[in-house]
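Since the structure comes first, as structure tokens, the remarks are kept for the end.
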Amino acid sequence: KDCVFVGAQCPALCTRATQGRMAAPPLLGLGRALRRAPVAGCGRRPSTLQPWPPSCPSSSSTACPQPRPEAFACQRRDYGGGASGGHTADGEDDAARSYSALPPAVVRQLRALRTPGEALKFGVENEGADASTLEATLHRLRYLIPTYPSGAAAAAVRKGETSPALTDESRGGWTLERVKADGRFHVLVAALTSRLESCNGRALALSADAAARMSAPTPELRALLERAAEVALERENSFKPRHLTVLALALATHGVHALPAAVPVPGRGEVSAMRELGPAAAFVRAEAMRQMQEFNTSCCASLLEAFRRWGVYDRQLVDMALERIRDDFDAMQSRDAVELIAVLARLGLGRGPLLRRLAQLVFSRLDEFSTRQLVLILHSLARLRFLSRGDLDEVLEALLPNLGVLSNSKISNLLFSLAMCDAEHQASLARLLVVQYAEGRGDKDVASDIDVAWAMAALSLYERYPDVARRLLSRTFSGDVPKSRVALVKLHDVILAADLHPPLSTIARSRWKAACGHAARDEARRLGASSVHEQVATALGDLAFVEDPNQPLGRPFKVRRSWDVGWVPVDFFDQASGLALDVELVANPATRRIRHEVLRRKGIKPLRLDVWDWQAARGEAGRRALLAARASEALGRRVVERK
């Protein structure tokens, strides 16, 4: 009933999926139904196996107003998971930006290129052209390369564990690996590198941007980025804000001018510690602070994202950028608001007044956003713990007609968002998304598998779909232990949940359990140093729980901070009462829902304290009253202030 576009085509299949009666082997067909089902108000059935635009089978002669589905791998390019400014852009937008400085004849030639082979041939034939022509060719080449699974994903395809990615026969089976191995590609990159010295700021930024979009750069691409950074350091006052942020994001994405050893800065527990600036980061910082009054919202978001990727938190720069965003708020466009919310979520910056204005702006314009943007809004606000139940339902209502064309990564983001919001009232939709992801075509990367596994654990779906859970965990734990702290923290929760289901408890090996447990404890200690934790500790010291009604004074809490209860790290633990309290900061990679379910089964009485509720309480008295009420509810006993 929640999935009208599927229910109209295959009501029995939809009912079985939403009621959780469908095991993993009989899932065949639901993914195809989702992808081919007509969008509400349109008779067209988008198919990922046809070139766009397909002929509309609708009997109506009116042109279909639906946008191009995002299932097409060539639509958007992302070189590192970003979503603002230069980090995610439509291929044609990139081309328009690159083509603006070229002669019309060259632009027509570039637009006529249809395959990576033609682009490589054009690049070699124009080896002696200027830098603008070469970087536009490199941008066009990246746009023409379809996305295929590689590495671990390709191995999974060969083993039959996942479906092959979208193919496009018209491009002759070109892959990114094949392009990088082609000698003509090396000629093109070398020619562009040799001309960076004569580039202006715009051409230099776009050249670095083109190289950064080639994921996992070759030595030649790495040399191009290094050379672009060296040239930029000699070009003070030569970059406009847009070009400066495009350059910064390109360099930061691939760690060009990597930072020296970490230099911790006290007083900031919510985000990663400050590090000593490298040459490129120092140059960008100086240029940005000099031009900050000329930055718009998109430039500020790109700047913050670049420094996040460099591993740098500069409070002064962040405050200046956010202040500039507040000044420019009335000129903010819808896309800028989405980009900014995404960056704030990645940084874990809970700036309440700014987030409230952004949320009001976004929810007043929901009809203006694409499917991808709606998923990004949902995912970002869920990570920030800034999404109410009503807001969640409103975004889902806008998303529902196009649910069938979501890529696997977007499905994982949507599932993760539902789990972060404790959306038990959307259980039927969550079950449908699990089935859609299990059946989904295209690449399933490790990050998506981890998010889906965590969401299934948080929403108690392991018992309903044990085969799906087993395949997810087997794919994830069959590779090397990731270096990502966020991934390891999520996997720690997944392992805890898997231990509650004997068929899944043996999949994770001891080295995975040790690495994930170590990461979870380190993360708990790091976040436990925040100012909010200090305030909670003070408030707990002023409270007592009443064991005996005849002793109204109660027994004071004697809490231990950053304590391990079995394999579960908690922020505060009182052994006498059995209270385990965790503060839900916006910087937490995931909620403590799974951990608290494990604690509850051990007889512990867990309590999750939302940081927004804590900040909304008025003064110390208001915070003590809030904490006393929540602790009393968790313990089932009266909690009073100490006399």
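Numbers for residues simply follow the sequence, beginning at 1. These numbers come from the heavy atoms of this one structure, side chains and all, not from hydrogens, waters or symmetry mates.
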Does the side chain of Leu176 reach to within under 4.5 Å of the side chain of Ser215, using non-hydrogen atoms?
yes
For a 4.5 angstrom cut-off between non-hydrogen side-chain atoms, does Ser302 reach Val246?
no
What verdict does the side-chain contact (heavy atoms from CB on, under 4.5 Å) test give for Leu221 and Phe185, after you've listed the backbone C-alpha separation in whole Å, the side-chain angles of each residue and the deciding distance to 0.1 Å?
CA-CA 10 Å; Leu221 288 171; Phe185 175 75; 3.8 Å; yes
For Ser334 and Glu368, the nearest pair of non-hydrogen atoms, with its separation, is OG-OE1, 2.7 Å
Does Glu234 reach the side chain of Glu197, with side-chain heavy atoms less than 4.5 Å apart?
yes
Say you draw a straight line from OG of Ser478 to CZ of Arg509; how long is it, rounded to the nearest 0.5 Å?
8.5 Å
State the CG-CE distance between Leu317 and Met292, to the nearest 0.5 angstrom.
5.0 Å
Min side-chain heavy-atom separation Leu433-Leu414 under 4.5 Å
yes
Evaluate side-chain contact (heavy atoms from CB on, under 4.5 Å) for Thr137 paired with Leu110, printing each intermediate quantity in order.
CA-CA 7 Å; Thr137 304; Leu110 287 170; 3.7 Å; yes
With sequence neighbours left out, the residues meeting side chain to side chain donor-acceptor pair (under 3.5 Å) with Glu230 are Arg227
Spell out, as yes or no, whether a donor-acceptor pair under 3.5 Å connects the side chain of Arg195 to the backbone of Ala129.
yes
Taking the side chain as C-beta and beyond, is there a heavy-atom pair between Asn408 and Val452 under 4.5 Å?
no
Before you tell me yes or no, could you show the steps for Trp454 and Leu415 under side-chain contact (heavy atoms from CB on, under 4.5 Å), namely the whole-Å CA-CA distance, both residues' side-chain angles and the distance that decides it to 0.1 Å?
CA-CA 9 Å; Trp454 187 91; Leu415 260 174; over 6 Å; no
Is the CG atom of Asn237 crowded by more than 12 outside heavy atoms at less than 6.0 Å?
yes
Please work out whether the ring planes of Phe239 and Phe283 are parallel, tilted or perpendicular, with thresholds of 30° and 60°.
perpendicular
Euclidean distance, Met332 CE relative to Thr297 OG1, rounded to 0.5 Å
3.5 Å
Using 4.0 Å as the upper bound for N to carboxylate O, is an ion pair formed by Glu305 and Arg308?
yes
Going from CD on Glu135 to CG on Leu204, what distance comes out if it is rounded to the nearest 0.5 angstrom?
10.5 Å
Is it the case that the side chain of Glu294 and the backbone of Gln291 share a donor-acceptor pair, with hydrogens and angles ignored and the cut-off at 3.5 Å?
no
Return the minimal non-hydrogen interatomic distance between Thr133 and Asp130, and the atom names on each side.
OG1-OD1, 2.7 Å
When rounded to the nearest 0.5 Å, the distance separating CG of Asn402 from NZ of Lys410 is 14.0 Å
Ignoring hydrogens and geometry beyond distance, is a side-chain donor-acceptor pair present between Asp209 and His139 at under 3.5 Å?
yes
Backbone N or O of Arg242 within a donor-acceptor pair of the Thr245 side chain at under 3.5 Å?
yes
Glu125, CD atom: more than 12 neighbouring heavy atoms under 6.0 Å:
yes
Looking only at atom types and distance, does a side-chain atom of Gln373 sit under 3.5 Å from a main-chain N or O of Phe369, one as donor and one as acceptor?
no
For Ala280 and Val256 the tightest heavy-atom approach is CB-O, 4.4 Å
Between the main-chain N or O of Ser298 and the side-chain N or O of Arg335, is there a donor-acceptor pair closer than 3.5 Å?
no
Polar side-chain atom of Arg142 near backbone of Leu138 as donor-acceptor pair, under 3.5 Å
no
Is a donor on one side and an acceptor on the other found under 3.5 Å between the side chain of Gln436 and the backbone of Leu403?
yes
Carboxylate-amine/guanidinium proximity below 4.0 Å for Arg290 and Glu287:
yes
Correct closest heavy-atom pair for Cys300 and Phe295 would be SG-CB, 3.8 Å
Heavy-atom pair of closest approach, residues Ser207 and Leu224
O-CD2, 3.8 Å
Verdict with reasoning, Trp174 to Leu144, per side-chain contact (heavy atoms from CB on, under 4.5 Å):
CA-CA 9 Å; Trp174 283 94; Leu144 291 173; over 6 Å; no
Tell me, do Leu472 and Tyr437 make a side-chain contact under 4.5 Å, heavy atoms counted?
yes
Sorted by chain and residue number, the salt bridge (Lys or Arg N to Asp or Glu O under 4.0 Å) partners of Arg470 (sequence neighbours excluded) come out as Asp467
For residues Ala131 and Leu192, report the shortest heavy-atom separation together with the two atoms involved.
O-CD1, 3.7 Å
Rounded distance (nearest 0.5 Å) linking atom OG of Ser448 with atom CG of Asn413:
7.0 Å
What orientation do Phe477 and Trp512 show, parallel under 30°, tilted 30 to 60°, or perpendicular over 60°?
perpendicular
Please check: side-chain N/O of His379 versus main-chain N/O of Phe416, any donor-acceptor pairing under 3.5 Å?
no
Restricting to side chain to side chain donor-acceptor pair (under 3.5 Å), what partner residues turn up for Thr218, sequence neighbours left out?
Glu220
I'd like to know if the side chain of Arg285 reaches the main chain of Phe307, judged simply by a donor and an acceptor atom lying under 3.5 Å from each other, with no hydrogens or angles considered.
no
What I'd like to find out is whether the side chain of Pro482 reaches to under 4.5 Å of the side chain of Val446, using heavy atoms alone.
no
Salt-bridge test for Asp451 and Lys490: reply yes if a basic N is under 4.0 Å from a carboxylate O, no otherwise.
yes
Would you say the side chain of Leu488 lies within less than 4.5 Å of the side chain of Val481, judging by non-hydrogen atoms?
yes
